[in-house]
Amino acid sequence: MLMNANESALLIIDVQEKLMPAIHDGAAVLAQNIKLATIASLLGLPVIATEQTPEKLGANHPDIKRLCDRTLVKTHFDACVDGLPAAFLSACKEVVISGCEAHVCMLQTAMTLLQNGYRVWVVTDATGSRKIADRDAAFTRLAQAGAHLVTLEMVAFEWMRDSRHPLFREVLKLIK
């Protein structure tokens, strides 16, 4: 099954300034999220972010904040408990999800989205945890639960579908 841009939303979980230095390869995870949000924005897809207790962990990185249509401030690890689907995803059938930490907020949110009937695509190269083992365990668990594990390039090319897409060259520049 391929992703369908007409049914997709991008959900970026907790790419917060105070958290990212603690994430394994945090700079690379942040860079991938910025590229992913830029591509989604170019293609006209909804870009939604969450911030976990920003008064303690700080706001999302400014580049992420700038690229998001909306941000949900939350206290629960699972953003769905704080109203994510009702508030932001009602028109979407599939959610492309990335961010931090893979084994906590991203996992719990993705699991609830799966339980609520959404198709979930986890962008592995835009998702991180402090420890690699936690991140990898989250990927295994999510795949077993029915989430699709993908990379940023897979997402971009599936959303466009055709090298004649009007934004193909612009998106390609971001990827390369």
Side-chain angles (χ1 to χ4, degrees), residues 1-16 19 23 29-30 32-54 60 64-65 67-129 134-161 165 167 171:
M1 171 185 334
L2 295 175
M3 286 171 250
N4 182 342
N6 296 325
E7 298 179 344
S8 292
L10 174 61
L11 176 59
I12 299 175
I13 303 290
D14 306 345
V15 182
Q16 293 167 256
L19 178 60
I23 299 300
V29 170
L30 173 61
Q32 289 295 86
N33 274 284
I34 292 168
K35 286 181 193 176
L36 192 57
T38 302
I39 293 166
S41 293
L42 283 170
L43 297 175
L45 277 69
V47 181
I48 302 137
T50 65
E51 290 177 341
Q52 177 72 30
T53 56
N60 282 338
I64 295 296
K65 259 195 157 353
L67 291 163
C68 290
D69 299 311
R70 296 181 180 175
T71 299
L72 173 68
V73 174
K74 63 187 182 67
T75 59
H76 291 93
F77 303 125
D78 178 354
C80 296
V81 176
D82 285 322
L84 178 71
F88 303 122
L89 302 173
S90 59
C92 298
K93 295 180 181 174
E94 54 189 47
V95 179
V96 175
I97 189 171
S98 62
C100 300
E101 284 195 65
H103 64 294
V104 185
C105 296
M106 196 279 297
L107 178 127
Q108 290 185 30
T109 302
M111 291 293 237
T112 299
L113 290 169
L114 285 165
Q115 290 170 350
N116 289 333
Y118 291 94
R119 293 185 300 270
V120 175
W121 308 86
V122 178
V123 187
T124 59
D125 57 346
T127 300
S129 292
D134 289 330
R135 182 202 64 199
D136 292 349
F139 293 158
T140 299
R141 188 169 170 203
L142 285 160
Q144 290 170 344
H148 305 277
L149 303 183
V150 295
T151 64
L152 180 139
E153 285 198 32
M154 294 165 84
V155 173
F157 289 114
E158 286 181 38
W159 278 344
M160 289 186 298
R161 296 284 171 99
H165 190 286
L167 296 169
V171 170

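Keep in mind that this is a model prediction, so the values were computed, not measured.
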Straight-line distance of Lys65 NZ to Thr71 OG1, nearest 0.5 Å
4.5 Å

Supply the atom-to-atom distance Cys100 SG to Ile23 CD1, rounded to the nearest 0.5 angstrom.
4.0 Å

Check whether any side-chain heavy atom of His165 lies under 4.5 Å from a side-chain heavy atom of Val171, and answer yes or no.
no

Please tabulate, for side-chain N and O atoms in residues 102-117, each donor-acceptor pair with protein atoms closer than 3.5 Å (sequence neighbours left out).
unit_1, atom_1, unit_2, atom_2, d
His103, ND1, Ser129, OG, 2.9
Thr109, OG1, Ala79, N, 2.9
Thr109, OG1, Cys105, O, 2.8
Thr112, OG1, Asp78, OD2, 2.4
Thr112, OG1, Gln108, O, 3.2
Asn116, ND2, Thr112, O, 3.3

For the residue pair Cys68 and Asn60, establish whether any side-chain heavy-atom pair is separated by less than 4.5 Å.
no

Can you name the closest pair of heavy atoms from Val47 and Ser41 and give their distance?
CG2-OG, 3.8 Å

Distance-minimising heavy-atom pair for Leu152 and Lys35
CD1-CB, 3.7 Å

Compare all side-chain heavy atoms of Ile64 with those of Leu30 and state whether any distance is below 4.5 angstrom.
yes

Evaluate the side-chain proximity of Ile48 to Leu84: yes if any heavy-atom separation is below 4.5 Å, no if none is.
yes

On a heavy-atom basis, which atom in Met154 and which in Leu149 lie closest, and how many Å separate them?
CE-O, 4.4 Å

Just list the side-chain donor-acceptor pairs under 3.5 Å for residues 6-16, sequence neighbours left out, or say none.
unit_1, atom_1, unit_2, atom_2, d
Glu7, OE1, Arg119, NH2, 2.4
Ser8, OG, Asn4, O, 2.8
Ser8, OG, Glu94, OE2, 2.8
Ser8, OG, Trp159, NE1, 3.4
Asp14, OD1, Thr50, OG1, 2.7
Asp14, OD1, Gln52, N, 3.3
Asp14, OD2, Lys74, NZ, 3.0
Gln16, OE1, Gln52, N, 2.9
Gln16, NE2, Gln52, O, 2.9
Gln16, NE2, Gly58, O, 2.7

Between Leu36 and Ala126 the two heavy atoms that sit nearest each other are CD2-CB, 4.3 Å

Just checking Phe77: does its CZ atom have more than 12 heavy atoms from other residues, nucleotides or ligands closer to it than 6.0 angstrom?
no

Heavy-atom closest contact (Ser98 atom, Asn33 atom, distance):
OG-OD1, 2.5 Å

Verify, without hydrogens or angle tests, whether Glu158 (side chain) and Leu2 (backbone) share a donor-acceptor contact under 3.5 angstrom.
no

Would you please test Val155 and Ile39 for side chain to side chain contact (heavy atoms under 4.5 Å, CB included) and show each step?
CA-CA 9 Å; Val155 173; Ile39 293 166; over 6 Å; no

Spacing of Ile34 atom CD1 and Leu67 atom CG [to the nearest 0.5 Å]
7.5 Å

Evaluate side-chain hydrogen bond (donor to acceptor under 3.5 Å, both in side chains) for Asp125 paired with Thr151, printing each intermediate quantity in order.
CA-CA 6 Å; Asp125 57 346; Thr151 64; 4.8 Å; no

List the atom of Arg135, the atom of Thr127, and the distance in Å for their closest heavy-atom pair.
CD-O, 3.6 Å

